[in-house]
Amino acid sequence: MQTYIRLLTAVCALATTVNAVVPIEVQGKDFVNSKTGSRFQVLGVDYQPGGSSGFTKDKDPLSDPDACLRDAALMQRLGVNTIRVYNLAPSLDHDKCASIFNAAGIHMILDVSSPLWGGYLDRTDPKSTYNEIYFKQVFGVIEAFKNFPNTLGFFAGNEVINEQSVKDVPAYVRAVQRDMKDYIAKNLNRSIPVGYSAADIRPILADTLNYFMCEDKDAPSSHSDFFGLNSYSWCGNSTFKKSGYDVLTEDFAEASIPVFFSEFGCNEVRPRYWTEVEALYSKEMSQSFSGGLVYEYTQEENNYGLVELGEDGSAKLLVDYDNLMAQYSKLDMSLIEASNKTQTSFQAPTCSKSLISNSTFLDSFDLPKRPSKVQDMIDNGYSGARTGKLVDVSSTDIPQKIYDHNGNQITGIKLTALADAESNTPGAHTSGTVSSSSNSSSSNSTSGGSSGSKSGSGSSSDKNAAGAMTVPFVSLLTGASLMAFFML
């Protein structure tokens with residue numbers, strides 16, 4: 001009861017109904033704030049605590065409000081404005097977590113696939129898994145997150161096209177995009193962008209982009225709205241040219257849709273100093289890219305983490321976290337967010353065989369026929385889905401213990417509920433004071449595998465898959481909801 005009273009006091013003192021972000025739209029090759037018209041650049045992290053092996057039908061990254069409150073506050077402090085989540089169970093309650101990230105001004109890009117049986121498109125045999133069972137997962141994720149304004153977009157697939165995939169896989173992924181976008185158009189109150197996350201396989205990278213961004217009159221809803229690239233070519237104290245970023249910038253200069261790094265952060269040299277951040281958000285590179293997502297938030301067995309989680313819910317901020325925050329603090333957000341009519345006026349090319357140069361890549365745009373039961377779900381909605389809803393969140397201190405990389409406790413870290421239409425920005429919410437006399441005794445990682453690797457194989461599931469409380473959530477409480485709070 002003491003915990004409830006303490007949190008209720010905080011709620012009453014900081015009663016702020018939050019609707020922090022507004023939906024992000026796609027205009028040409030830019031993400032754009034739908035209210036202000038300013039350009040939106042992704043400053044984000046990939047968020048899959050425990051890796052793919054830590055995901056079950058009963059637990060996913062957005063089903064634990066306590067963890068979400070802690071992590072959203074730490075990400076807000078870092079300067080993050082976007083997260084990517086690889087594995088989600090549509091049947092779980094995500095309302096509190098999604099609302100917490102919304103309050104923090106953090107948008108979400110969500111993969112619709114799952115590593116569980118029936119939840120992914122098999123890259124070696126896509127025909128057998130392109131069915132109504134798979135689309136219960138896909139449409140279930142859409143339903144679960146359609147009502148949250150901070151749902152930026154959905155990934156229809158993650159690195160489905162690689163050395164293991166059969167040649168006709170691109171057509172199936174494009175068909176999944178078509179089906180998702182048709183479902184969204186028929187059953188949602190707003191348009192939510194759909195895209196694809198590709199591995200950095202240079203011989204087919206241009207073909208992959210062209211295949212997914214071109215417009216086809218026979219399947220007008222099948223093209224990608226954005227394109228993610230999992231790239232780890234900048235390692236250590238590299239340079240724009242040495243890393244190949246100059247080539248990528250040139251290759252994506254004529255892209256007609258937003259392109260961003262859906263994973264980046266090579267760890268061959270440790271600690272990571274994130275010198276690529278300055279390049280990625282520079283005027284030169286931002287003409288081709290809309291920012292990127294750092295791989296990854298939590299420390300797993302592959303040692304890519306920014307934060308190490310303890311078994312007691314505590315968190316240790318690693319050197320990589322501090323170094324990334326330092327790089328973010330150097331960015332000129334007014335320049336980054338400046339709108340550009342040239343960027344927003346790009347038009348997509350028309351699909352044709354001439355867009356494909358590598359003989360190993362599919363050059364046919366004939367898509368597989370949609371299964372009849374999938375058509376029924378599009379026409380009538382997915383009746384078995386759990387539909388999420390935004391709930392109120394207030395500014396509050398986080399209860400978990402937080403330590404810096406030297407083991408000193410950091411006190412006073414809080415989640416700040418932002419104002420309407422406000423996304424998080426670096427340096428705006430740097431709460432926390434270091435106590436030099438304390439040492440961490442609970443920094444054991446709860447790692448449970450990996451959701452990816454530095455080579456860009458950050459699949460959210462197995463090798464054939466696409467995509468892949470001790471302290472209660474704090475809400476605004478008045479009247480009947482106050483009684484419900486004490487009945488939890």
Side-chain angles (χ1 to χ4, degrees), residues 24 26-33 36-45 79-82 109 152 195 197-202 205-210 212-213 224-266 269 272-295 323-349 423 425-427 456:
I24 299 299
V26 172
Q27 293 184 16
K29 63 186 303 174
D30 274 353
F31 290 121
V32 174
N33 183 298
T36 66
S38 61
R39 187 184 190 194
F40 182 83
Q41 285 277 84
V42 175
L43 282 81
V45 294
V80 162
N81 66 18
T82 308
I109 304 177
L152 192 159
S197 178
D200 189 358
I201 305 174
R202 296 298 170 93
L205 189 54
D207 290 338
T208 306
L209 172 67
N210 287 336
F212 285 114
M213 77 175 178
S224 295
D225 296 316
F226 57 82
F227 189 87
L229 177 63
N230 299 338
S231 181
Y232 296 82
S233 62
W234 187 301
C235 299
N237 190 26
S238 192
T239 65
F240 186 63
K241 290 187 176 181
K242 183 180 178 181
S243 65
Y245 272 27
D246 60 332
V247 176
L248 289 176
T249 299
E250 183 178 351
D251 288 346
F252 287 98
E254 299 302 316
S256 58
I257 57 177
V259 178
F260 60 95
F261 286 142
S262 39
E263 294 176 8
F264 77 94
C266 171
V269 179
R272 293 177 289 182
Y273 289 98
W274 305 106
T275 51
E276 66 264 49
V277 166
E278 182 180 4
L280 179 57
Y281 297 96
S282 66
K283 183 177 181 180
E284 180 179 16
M285 200 165 178
S286 63
Q287 301 306 304
S288 297
F289 287 87
S290 294
L293 296 152
V294 164
Y295 192 83
N323 291 344
L324 181 60
M325 185 163 66
Q327 292 293 342
Y328 278 163
S329 68
K330 299 177 184 178
L331 298 177
D332 184 342
M333 294 306 297
S334 61
L335 181 63
I336 289 172
E337 294 174 349
S339 60
N340 186 324
K341 290 185 178 180
T342 301
Q343 297 282 110
T344 57
S345 63
F346 266 72
Q347 298 294 316
S423 297
T425 54

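Sequence positions, counted from 1, serve as the residue numbers for this chain.
With sequence neighbours excluded, the residues satisfying side chain to side chain contact (heavy atoms under 4.5 Å, CB included) with Asn81 are Phe40, Leu43. Under the side chain to side chain contact (heavy atoms under 4.5 Å, CB included) criterion, Ala348 pairs with Glu215, Ser256, sequence neighbours left out. Listed by chain and number, the residues in a side-chain hydrogen bond (donor to acceptor under 3.5 Å, both in side chains) with Asp246 amount to none (sequence neighbours excluded). Judged as a side chain to side chain contact (heavy atoms under 4.5 Å, CB included), and not counting sequence neighbours, Glu278 has no contacts. Scanning for ring pair (Phe, Tyr, Trp, His ring centres under 6.0 Å) contacts around Tyr245 gives Trp234, Phe261, with sequence neighbours left out. In terms of the side chain to side chain contact (heavy atoms under 4.5 Å, CB included) criterion, residue partners of Gln287 (sequence neighbours excluded) are, by chain and number, Lys283, Asn340, Gln343.
Ring geometry, Phe31 versus Phe260: the interplanar angle falls from 30° to 60°, so the pair is classed tilted. Between Phe252 and Phe227, the ring planes lie tilted relative to each other; the angle falls in the 30° to 60° range.
Rounding to the nearest 0.5 Å gives a distance of 11.5 Å between CD1 of Ile336 and OG of Ser290. Going from atom CD of Gln327 over to atom CD of Glu276 covers 8.0 Å, rounded to the nearest 0.5 Å. Taken from CG in Leu280 to CE in Met285, the straight-line distance is 5.0 Å, to the nearest 0.5 Å. Taken from OG in Ser286 to CD in Glu337, the straight-line distance is 12.0 Å, to the nearest 0.5 Å. Atom-to-atom distance recorded for Phe226:CZ and Met213:CE is 15.5 Å, nearest 0.5 angstrom.
Smallest separation of non-hydrogen atoms from Val26 and Gly28: CG1-O, 3.7 Å. Ser224 and Ile257 get closest at one heavy-atom pair: O-CG2, 3.6 Å.
With 3.5 Å as the limit, one finds no donor-acceptor pair spanning the side chains of Thr275 and Asn237.
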### Task
Walk me through it: do Leu229 and Leu205 pass the test side chain to side chain contact (heavy atoms under 4.5 Å, CB included)?
CA-CA 9 Å; Leu229 177 63; Leu205 189 54; 3.7 Å; yes
